[in-house]
Amino acid sequence: MDVSWTVWVLTIVGLSTLIAVDFFIGRKPHDVSTKEAGIWTIVWIALAVLFGAGLAVVGESQASGEFFAGFITEKSLSVDNLFVFVLIMAKFAVPSQLQQRVLLIGVLIALVLRAIFIAAGAAVIANFSWVFYIFGAFLIYTAWKLIQEARADEEEDDFEENRLLKSIEHRFGVADKYHGTKLFIRQNGKRIMTPLMVVMLAIGMTDVLFAVDSIPAIFGLTQDPYIVFTANAFALMGLRQLYFLIGGLLKKLVHLSYGLSVILGFIGVKLVLHALHENGVHVPVVSIPFSLAVICGVLVITTITSLIASKKMAAAEAEKDAKAETAGPSDEESKSVNS
């Protein structure tokens, strides 16, 4: 897709305006209701759909398909990222009124980081076609790692701070409580960080790790930097509202890691096939419509199986609790009572 500098500038201005609107909405700390989160989630998704449809209207049907495939993939990866955000919020006991401010800054950091990664990735791909092999191998490895983690049956109950974050806290010092939206305060004549600043640093550092996974994935669907950037931008802009909308649903998506591993593995294979094709090897070429069908199909199946599994686990837990309530005291408890 041939995109002029004028279109790039207009797109960036338009996205910046949307981000400004989002910041204006969340400028005042408050508890986000499910209704508010639901309305704005629909708005952001509708804007993405309109953008993708607009590409088709102007005659860029292939670009439109690539955008939707990239947007859905990035959105699904973003949902998985929300698990980490939940852990970070719990680790630092972020007040509910401040959580949306943390997420908003986190999204801004993610947009900047991904713009840098996209520019670097596009430059590398333009000059070194063999990088597709590396991207493909990395995604296949990531898919395998996700499956291993999912099969480990180990729940992450806490977020562990890395050494860099700990060293920053030690160097600058951290206040013992939140001070509204302030990032720094003066205490005993020394300027120290508030817990809110530490949380934002934690979110920003995890954003770097998320970009490492997501950028190769979307480059496996399209090599157009414009589509890569806009798909990432639209996927991230509604992340804040999505966090509040499906916060309780996240725990029910027990098979999400399996679904994402299938998607990443599929894209990894697609990248390797693309690299082989570019080198003159006669191999099947995976089309965008087929890729879009696979991605959507995997997500639908994963969601359905997750909800079924969650329902069965909830029923089993309820039955276990009911039996515990109706069961009499154990022998040891009876002896202690009699004594």
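None of these values were measured; they are calculated from a predicted model. The figures that follow rest on heavy atoms only: side chains count, while hydrogens, waters and symmetry mates do not.
Both Leu98 and Phe184 are members of a single hydrophobic cluster when ILVMFWY side chains are connected at heavy-atom separations under 4.5 Å. A continuous path of Ile, Leu, Val, Met, Phe, Trp and Tyr side chains, each step under 4.5 Å between heavy atoms, connects Leu47 with Val7, placing both in one hydrophobic cluster. Each of Leu299 and Ile301 belongs to its own hydrophobic cluster when Ile, Leu, Val, Met, Phe, Trp and Tyr are linked at side-chain heavy-atom distances under 4.5 angstrom. In the hydrophobic clustering of this structure, Ile218 does not group with Ile116; members are Ile, Leu, Val, Met, Phe, Trp, Tyr whose side-chain heavy atoms approach within less than 4.5 Å, directly or through other members. By the criterion of side-chain heavy atoms lying less than 4.5 angstrom apart, applied directly or through intervening Ile, Leu, Val, Met, Phe, Trp or Tyr residues, Val283 is grouped together with Val131 in one hydrophobic cluster.
The shortest distance between side-chain heavy atoms of Leu55 and Ile227 falls below 4.5 Å. Between Leu108 and Val112, every side-chain heavy-atom pair lies at or beyond the 4.5 Å cut-off. Residues Val3 and Thr11 fail the side-chain proximity criterion, which asks for heavy atoms closer than 4.5 Å. Between Lys182 and Leu196 the shortest side-chain heavy-atom distance does not fall below 4.5 Å.
Without hydrogens or angle criteria, Ser61 side chain to Ala56 main chain gives no donor-acceptor distance under 3.5 Å. The main-chain N or O of Leu307 is never found under 3.5 Å from a side-chain atom of Ser310 such that the two would form a donor-acceptor pair. A donor-acceptor pair under 3.5 Å links the side-chain atoms of Ser64 to the main chain of Gly52, judged by distance alone.
Through direct or indirect side-chain contacts shorter than 4.5 Å among Ile, Leu, Val, Met, Phe, Trp and Tyr, Ile308 is connected to Val300, Ile304. Counting Ile, Leu, Val, Met, Phe, Trp and Tyr side chains that sit under 4.5 Å apart, directly or through other members, Trp144 shares a hydrophobic cluster with Tyr141.
Among pairs with a residue in residues 110-128, those fulfilling salt bridge (Lys or Arg N to Asp or Glu O under 4.0 Å) read Glu74-Arg114, at least two apart in sequence or across chains. Screening residues 40-50 for salt bridge (Lys or Arg N to Asp or Glu O under 4.0 Å), with sequence neighbours left out, gives no hits.
A search for side-chain hydrogen bond (donor to acceptor under 3.5 Å, both in side chains) contacts involving Glu60 returns nothing, not counting sequence neighbours. Remark: His255 engages Thr305 in a side-chain hydrogen bond (donor to acceptor under 3.5 Å, both in side chains) (not counting sequence neighbours).
Closest approach of Val94 to Val102, counting heavy atoms only: CG1-CG2, 4.3 Å. What you find for Pro195 and Ala175 is that their closest heavy atoms are CG-O, 3.6 Å. Of all non-hydrogen atoms in Ile267 and Ala217, the two that sit nearest each other are CG2-O, 3.2 Å.
Aromatic ring pairs are classed by plane angle as parallel below 30°, tilted from 30° to 60° and perpendicular above 60°; the pair Trp8 and Tyr226 is perpendicular.
Around atom CD of Gln62, no more than 12 heavy atoms belonging to other residues, nucleotides or ligands sit under 6.0 Å away.
Considering Phe229, Phe71, Phe51 as possible partners of Phe234, the one that fulfils the ring-ring contact (aromatic ring centres under 6.0 Å, His included) test is Phe51. Partner Ser16 forms a side chain to side chain contact (heavy atoms under 4.5 Å, CB included) with one of Leu18, Val13, Ile12 and no other, that one being Ile12.
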Tell me, with the steps shown, if Phe172 and Met197 meet side chain to side chain contact (heavy atoms under 4.5 Å, CB included).
-> CA-CA 11 Å; Phe172 293 96; Met197 183 63 185; over 6 Å; no

Start with the C-alpha distance between Val174 and Met193, add both sets of side-chain angles, then the distance that settles side chain to side chain contact (heavy atoms under 4.5 Å, CB included), and finish with yes or no.
-> CA-CA 5 Å; Val174 182; Met193 297 189 301; 4.0 Å; yes

